[in-house]
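Worth knowing before you read on, the calculation uses all heavy atoms, side chains too, and leaves out hydrogens, waters and symmetry mates. Per chain, numbering begins at 1; letters A, B, ... match sequence-line order.
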Amino acid sequence: MKIVVLWSDALIFLLVAVIATFFWNMRKDKILTERWRQVFSSRLGMVAFVVIASYILIALLDSLHFRKALEPVEGQPADQVFYENRATSVLDVLMGDMADENERTYSAPFSLKSFEKVNMKADDGSSIRDFPPLVHAGKHLDDPADKPADIVKQTFIALIIAIVVCAFWIGPQWYFLRNSELPWKSAWIAQAVIILVFVWLIYVGNLYHVLGTDKAGNDVLYKSIKGIRTGVLLGTLATLVMLPIAVTLGVCAGYFKGWVDDIVQYLYTTLSSIPGILLIAASVLLFQVYIDLNPDFFTIGLQKADARFVGLCFILGVTSWATLCRLVRAETLKISQLEYVQAAHAFGVSNYRIIKRHILPNLTHIILITFVLDFSALVLAEAVLSYIGVGVDPAMTSWGNMINEAREELSQEPAIWWTLAGAFFFMFTLVLAANLFSDLVRDAFDPKTVDGGAKA
Amino acid sequence: MFAYIVRRLIYAIPILIGVNLLTFVLFFVVNSPEDMARSQLGEKYVTAEAIENWKKENGYDKPLFFNESNKGLSSVTETIFYTKSVRLFMLDFGQSESGRDITADVAQRMWPSLALALPTFAIGIWTNICVALLVVMFRGTALDRGAVVLFVGLMSISYLFYIIGGQYLIAKMWRLVPISGFDASIHAWKFLILPIVIGVISGIGAGARWYRTLFLEVSHQDYIRTARSKGLSEITILFKHVLPNALIPILTGVVVVIPLLFMGSLVMESFFGIPGLGSYMLDSIERQDFAVVRSMVFIGSILYIIGLILTDISYTWADPRVRLN
């Protein structure tokens, strides 16, 4: 086994560290703690958070990559080890054999037979045209007719495993948090449901193709779950790139005014006047040309796809800072007129300290709201970008790529709906949870709504 | 007003120069013409000669900024920067890399784009405002809360699913309209109706939710309470008092996109086979035709700036207190 650290892996763990420190520092701030309490005091907020957290956990598990050692072939020196040409993640290990259970082509969910007829040799040697049986689905069955009974049986086993997992996972939480005022009960129910669904999906998914297979015979459920990492990482990393640019420029413009302000305003007006999608498309294409012409930088295929992915995150971040920058600039202008900032000036406090102590902490709410609002927008944007052909690498699993591959499938007869359904379900759940959560965060942190202005 | 518009147009010049420089840096400095030639011709079997030929054919065989071999003015004009970037200011877009005249293509493809984008936009806004007003009428009730949840749900669905689902249901299952295609004559309506309907429906979630917050904000004002205590009907209050007072934020978001409607929608047009500017852009992105992408970036920025000016002008119309000077 050889550990592989992709660029996006390193960045996502860096991001997690940044967010953790951010929250650790925020813990001392009474007002912010109170506002978070408000977010989590609603049951909806708890449930939405649990859903988002599960997605992030899966994304993190899928970001720990390693390359398996190959079985030594004959004549190979004992001290020499070769590694597989692809990277496996911890999540792949947890999901069992799903990654390798490839069929020949399409097959319907829970089906035991392929979707397309082929010419086969019958036992007596004559040639017949029929649906060939699948290689991996239901191979533990003696008789295909047992399938419905077997699914119920396996569901039952999965249920028992899930309950055991739930007991170990939720039990300690219950013990420590039972006297809390927050609606933890909703969080536990949400966790239990998620554990149940995932244990069932993985357990039964190893025996059947729960969501069928796609054109190349890959398990759709496996692809949908692998798409989580792409979605979550894109949604967070692009914002991570965008935040420092937007905040630095916005604060400088609003605080120093004068020519700095002019330049920053000029920059963001220019940038926002370029149609976003074209700018992204052009940048991605140019980056792709660069990758294509420098193939030596990457040892395995995944690294190439990953380079494009990180490039995409950077491009999305660098092209989208204008909106936040405008907000930060306006807010900084407002704050720097306040008396305590004027007083700090009069005492001769340095600019750096004024920005650090008085201005940045008062921008927290804008940054937070942008972070959560942009998340769902980016996940949705990924699908459209992949459709246009400037999204993540086609070799990388993502919901956008799945939709893109599947868009002709509905028009087949009979319609192939499961690839779309898989991408839709996992994407919709994440975006819905993120949207609901961002609404609550905005309600709690936005001064406009906190003061009761727009709130009904 | 006239002086204001002229001044704004003059302000637009540095921005357009910025856009131009940025695209120039992106397309010619980050990636040299050699790189582009190599990726256009395919990586295998590329000889230095083939690259030179490609560059000559497409006019990339000149120095970037300064041509030393020429004298006088042509030492500046015979450069890539002049022929490919500065000429955009004269709306001379030159030829695409497949040899077609970009200006003619744009002029021809603009109309199908507009035929799709304009109705989608107008009907969309009208629908969103009506739905939002309806919801505001029932504010504080279960209907309001249900509607908000529905809006959030609707806006959590990817645009692509609306298109794929709508096409499947309406065109394939119910066979009400053709699946895709276009007709230059008046019969185009039957091709356009489905994308318009899908465009409107996919926008309801985000749009109606946004207008709802705007209207709610206004409906907490004192003059609304006064209007209500005078005994005005709820409908009159909504249309006579709430809507006009919420116009400024509505216009801010809406007017700026009107000129951009010319650009069409990338995804919609390619799904429904409408030969507009959106599918033109998509094709050129797929073919890596940078000449077209560059021109479209420039056209897009001009339209955006026009949109900003229109927004300011619309403020004076919506709110008599606003004066442009």
If you define the side chain from C-beta out and look only at heavy atoms, does anything of [X] sit under 4.5 Å from [Y]?
| X | Y | answer |
| --- | --- | --- |
| A/Leu432 | B/Val152 | yes |
| A/Leu279 | B/Val297 | no |
| B/Ser158 | A/Met427 | yes |
| A/Leu380 | B/Tyr159 | no |
| A/Leu271 | B/Leu22 | yes |
| B/Tyr304 | A/Ile274 | no |
| B/Met263 | A/Leu278 | yes |

Quick check on [X] against chain B: is it the side chain, the backbone, both or neither that has a heavy atom closer than 4.5 Å?
| X | answer |
| --- | --- |
| A/Phe428 | both |
| A/Leu44 | neither |
| A/Val390 | side chain |
| A/Ser272 | both |

What closest approach, in Å, do [X] and [Y] show between heavy atoms, and which atom pair accounts for it?
| X | Y | result |
| --- | --- | --- |
| A/Ile403 | B/Phe161 | CD1-CZ, 3.6 Å |
| A/Ala383 | B/Leu160 | O-CD1, 3.5 Å |
| B/Ile157 | A/Phe424 | CG2-CE1, 3.8 Å |

Chain A interface, residue from B/Val293, B/Ile285, B/Leu266, B/Ile302 that has the most non-hydrogen pairs under 4.5 Å
B/Ile285

I'd like to verify something: which residue of B/Ile305, B/Ile299, B/Val19 has the highest number of heavy-atom pairs under 4.5 Å with chain A?
B/Val19

Crowded around [X] [atom1]? As in, over 12 foreign heavy atoms under 6.0 Å?
| X | atom1 | answer |
| --- | --- | --- |
| B/Tyr11 | OH | no |
| A/Arg326 | CZ | yes |
| B/Lys172 | NZ | yes |

With a 4.5 angstrom heavy-atom cut-off, which part of [X] approaches chain A: side chain, backbone, both or neither?
| X | value |
| --- | --- |
| B/Arg145 | neither |
| B/Ile164 | both |
| B/Thr23 | neither |
| B/Met296 | both |

Look up atom CZ in A/Arg442 and atom OG1 in B/Thr213, then write down how far apart they are to the nearest 0.5 Å.
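Rounded to the nearest 0.5 Å, the CZ-OG1 separation comes to 7.0 Å.
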
Got a second to check how far B/Ser270's OG is from A/Ile388's CD1, nearest 0.5 Å?
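Nearest 0.5 Å value for the OG-CD1 distance: 8.0 Å.
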
Looking only at the aromatic ring of each residue, does the gap between the centers of B/Phe271 and A/Tyr387 stay below 6.0 angstrom?
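Yes - the distance between ring centres of A/Tyr387 and B/Phe271 falls below the 6.0 Å cut-off.
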
